[in-house]
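Step one of this worksheet: look at the structure below.
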Amino acid sequence: MKSILLTGTAGFIGSNFVPYFLDKYPEYRLMNLDLLTYAGSLENLKECENNPRYKFIKGDICNRELVEFIFSEYDIEGVIHFAAESHVDNSIKNPEVFIETNVNGTFTLIDVAYKYWMERPFTYKNKYNNCRFHHISTDEVYGTLGDIGLFTEETPYAPNSPYSASKASSDMIIRSYGETYGMNTVITNCSNNYGPKQHNEKLIPTIIRKALANEPIPIYGDGKNIRDWLYVLDHCKGIDLVYHSGKESNVYNIGGRNERTNLQIVDRICSILDEKVPKERSYRELITFVEDRAGHDRRYAIDATKLEKELGWMADEDFDSGIIKTIEWYLGKYTK
């Protein structure tokens, strides 16, 4: 049985990935290293906690001694690295923790993997020839788009927030270990995810939570910032494909082809809630515009053609189907 180290999977995307991956690959043992900061919760992984092929380890990816222990104790033969500080507003208020976790933590992980798997540059130890390091990143490293165009894997990096700058830096570290040491690495850059288990502070859970509580629904600026929305399980399936079949030292963009303004998002959610949990007045009346975020990128949109053509990935959900599943999950959470 092969042991794979997963980092940060008590968070949103990772906690959707773990049960999917456990179920699909009975030959894998999954080790989850997570510090359980505000964004991570073991409640997200309740369905996995009694699985003998899953082990949770509380700890910091920056703790080199701990990471080395995990590699040697469990004979790690693959890494899928989700762990990151990811909230843009928080990165503006306190950028230091983003640099520490996203840059230094990523360096610690890949450097330990290099020393454990390889004898020297471009030479893997016999047992570890097929070991791969998969780094999960974001479309925010590319900066912002105008009214037309899409981010591709060749788009120059132009991060605009401390968060996106820290993720761009971590991407460069991964790239350097492929180029300098010949490590088997892949990077995936995804668009905005949505779905079950997302933290309350994020846009879609906030809209649902505030609406149900009959509180003002805050929308930044004029609400016309555009994002490409990707259902979280579709992202998990893309990660799976790239980890197993992606070309070494390649980058793959994973996007939903579902561009929406924040106003369109809140309008659609309010329409669905008006049907499912009707009140005297429409939830739209709760929409409140608030001061815009500093350096708020106007538009992101990903071209996933490479992933679709090379590996055969296609999103199973469009936004209309995915948002209904998402709202139904949050109704279960917020109306208990």
(message) For the NZ atom on Lys333, are there more than 12 heavy atoms of other groups (residues, nucleotides or ligands in this structure) within a distance under 6.0 Å?
(response) yes

(message) Checking the side chain of Thr7 only, and the main-chain atoms of Phe82 only, is there a donor and an acceptor separated by less than 3.5 Å?
(response) yes

(message) Any salt bridge linking Asp267 with Arg284? Criterion: basic side-chain nitrogen under 4.0 Å from a carboxylate oxygen.
(response) yes

(request) Please say whether more than 12 non-hydrogen atoms of neighbouring residues, nucleotides or ligands are located less than 6.0 Å from NZ in Lys58. (result) no

(request) State whether a side-chain donor-acceptor pair under 3.5 Å links Ser161 with Ser164. (result) yes

(message) Run Lys306 and Glu153 through salt bridge (Lys or Arg N to Asp or Glu O under 4.0 Å) and show every step you take.
(response) CA-CA 8 Å; Lys306 179 178 177 180; Glu153 290 80 1; 5.3 Å; no

(request) Run the salt-bridge test on Arg298 and Asp222 with the 4.0 Å N-O cut-off and return the result as yes or no. (result) yes

(message) Strictly distance-based, threshold 3.5 Å: is any side-chain N or O of Tyr283 a donor or acceptor partner for the main-chain N or O of Val277?
(response) yes

(request) Would you mind reporting whether Leu42 and Phe56 have side-chain heavy atoms less than 4.5 Å apart? (result) yes

What pairs of donor and acceptor atoms, side-chain ones from residues 176-184 against any protein atom, are under 3.5 angstrom apart with sequence neighbours left out?
from: Ser176; atom 1: OG; to: Ile173; atom 2: O; distance (Å): 2.7
from: Tyr177; atom 1: OH; to: Asp111; atom 2: OD1; distance (Å): 2.6
from: Thr180; atom 1: OG1; to: Ser176; atom 2: O; distance (Å): 3.1
from: Asn184; atom 1: OD1; to: Arg132; atom 2: NE; distance (Å): 2.8
from: Asn184; atom 1: OD1; to: Arg132; atom 2: NH2; distance (Å): 3.0

(message) Within the 3.5 Å criterion, strictly below it, is a donor on Ser3 or Arg29 matched to an acceptor on the partner's side chain?
(response) yes

(message) Can a donor-acceptor pair be found, under 3.5 Å and without considering hydrogens, that links the side chain of Thr288 to the backbone of Leu286?
(response) yes

(request) Please state whether the rings of Tyr28 and Phe21 are parallel, tilted or perpendicular, taking 30° and 60° as the class boundaries. (result) tilted

(request) Start with the C-alpha distance between Asp240 and Lys24, add both sets of side-chain angles, then the distance that settles side chain to side chain contact (heavy atoms under 4.5 Å, CB included), and finish with yes or no. (result) CA-CA 10 Å; Asp240 174 14; Lys24 186 171 180 182; 2.7 Å; yes

(message) With a 6.0 Å cut-off on the ring centroids, do Tyr38 and His199 count as close?
(response) yes

(message) Other residues, nucleotides and ligands only: do more than 12 of their heavy atoms fall within 6.0 Å of NZ on Lys127?
(response) yes

(message) Are Val251 and Met172 linked, directly or through intermediate hydrophobic residues, by side-chain heavy-atom contacts shorter than 4.5 Å (ILVMFWY only)?
(response) yes

(request) Could you tell me whether Asp139 and Arg227 make a salt bridge, using a distance below 4.0 angstrom between a side-chain N and a carboxylate O? (result) no

(message) Would you say that more than 12 heavy atoms from the other residues, nucleotides or ligands in this model lie under 6.0 Å from the CD of Glu27, or not?
(response) yes

(request) Kindly work out whether a path of hydrophobic side-chain contacts (I/L/V/M/F/W/Y, heavy atoms less than 4.5 Å apart) joins Val290 to Val266. (result) no

(message) Tell me every residue that passes salt bridge (charged side-chain N to carboxylate O under 4.0 Å, His left out) with Glu328, counting only those two or more places apart in sequence or in another chain.
(response) Lys276

(message) Tell me whether Lys279 contacts the main-chain N or O of Leu212 through its side chain, where contact means a donor paired with an acceptor under 3.5 Å.
(response) yes

(request) For residues Phe133 and Ile187, determine if any side-chain heavy atom of one lies less than 4.5 Å from a side-chain heavy atom of the other. (result) no

(request) Please list, chain by chain and in numerical order, all residues satisfying salt bridge (charged side-chain N to carboxylate O under 4.0 Å, His left out) with Glu285, sequence neighbours excluded. (result) Arg281

(message) Are Phe17 and Ile239 packed together at the side-chain level, in the sense that at least one heavy-atom pair is separated by less than 4.5 angstrom?
(response) yes

(request) Answer whether the closest heavy-atom distance between the side chains of Asp147 and Arg299 falls below 4.5 Å. (result) no

(request) Report yes if the distance between the aromatic ring centroids of Tyr142 and Tyr300 is under 6.0 Å, otherwise no. (result) no

(message) Applying side-chain contact (heavy atoms from CB on, under 4.5 Å), can you list everything that pairs with Asp318, at least two apart in sequence or on another chain?
(response) Asn258, Asp320, Ser321

(message) Take a 6.0 Å sphere around NZ of Lys247 and say whether it holds more than 12 heavy atoms from other residues, nucleotides or ligands.
(response) no

(message) My understanding is that only residues two or more places apart in sequence, or in another chain, count here; which of them pass ring-ring contact (aromatic ring centres under 6.0 Å, His included) with Tyr243?
(response) none

(request) Under the salt bridge (Lys or Arg N to Asp or Glu O under 4.0 Å) rule, what do Glu47 and Lys197 come out as? Steps first, then yes or no, please. (result) CA-CA 13 Å; Glu47 69 264 50; Lys197 304 182 183 179; 3.0 Å; yes

(request) Answer with yes or no after comparing the ring centroid distance for Tyr128 and Tyr116 against a 6.0 Å cut-off, counting only values under it. (result) yes

(message) Between Tyr25 and His244 (judged by ring centroids, cut-off 6.0 Å), do the two rings come close enough to count as a pair?
(response) yes

(message) Is a donor from one side chain sitting under 3.5 angstrom from an acceptor on the other, for Arg209 and Thr206?
(response) yes

(message) Within the supplied structure, the quantity of interest is the number of heavy atoms (other residues, nucleotides, ligands) at a distance under 6.0 Å from Lys115 NZ; does it exceed 12?
(response) yes

(request) Examine Leu45 and Leu33 and state if one hydrophobic cluster contains both, with Ile, Leu, Val, Met, Phe, Trp and Tyr joined whenever side-chain heavy atoms are less than 4.5 Å apart. (result) no

(request) Name all residues meeting the salt bridge (charged side-chain N to carboxylate O under 4.0 Å, His left out) criterion together with Arg257; count only those two or more places apart in sequence or in a different chain, and write none if there are none. (result) Asp303, Glu308

(request) Evaluate the side chain to side chain contact (heavy atoms under 4.5 Å, CB included) criterion for residues Met31 and Ile4: first the C-alpha distance (whole Å), next the side-chain angles of each, then the deciding distance (0.1 Å), finally the verdict. (result) CA-CA 6 Å; Met31 325 306 297; Ile4 298 177; over 6 Å; no

(request) May I ask you to say whether Lys2 pairs ionically with Glu77, meaning some side-chain N is under 4.0 Å from a carboxylate O? (result) no

(message) Under 3.5 Å, is there a donor on one side chain and an acceptor on the other for Thr185 and His135?
(response) no

(request) Return yes if some donor-acceptor pair links the side-chain N/O of Asn44 with the main-chain N/O of Ala10 below 3.5 Å, else return no. (result) yes

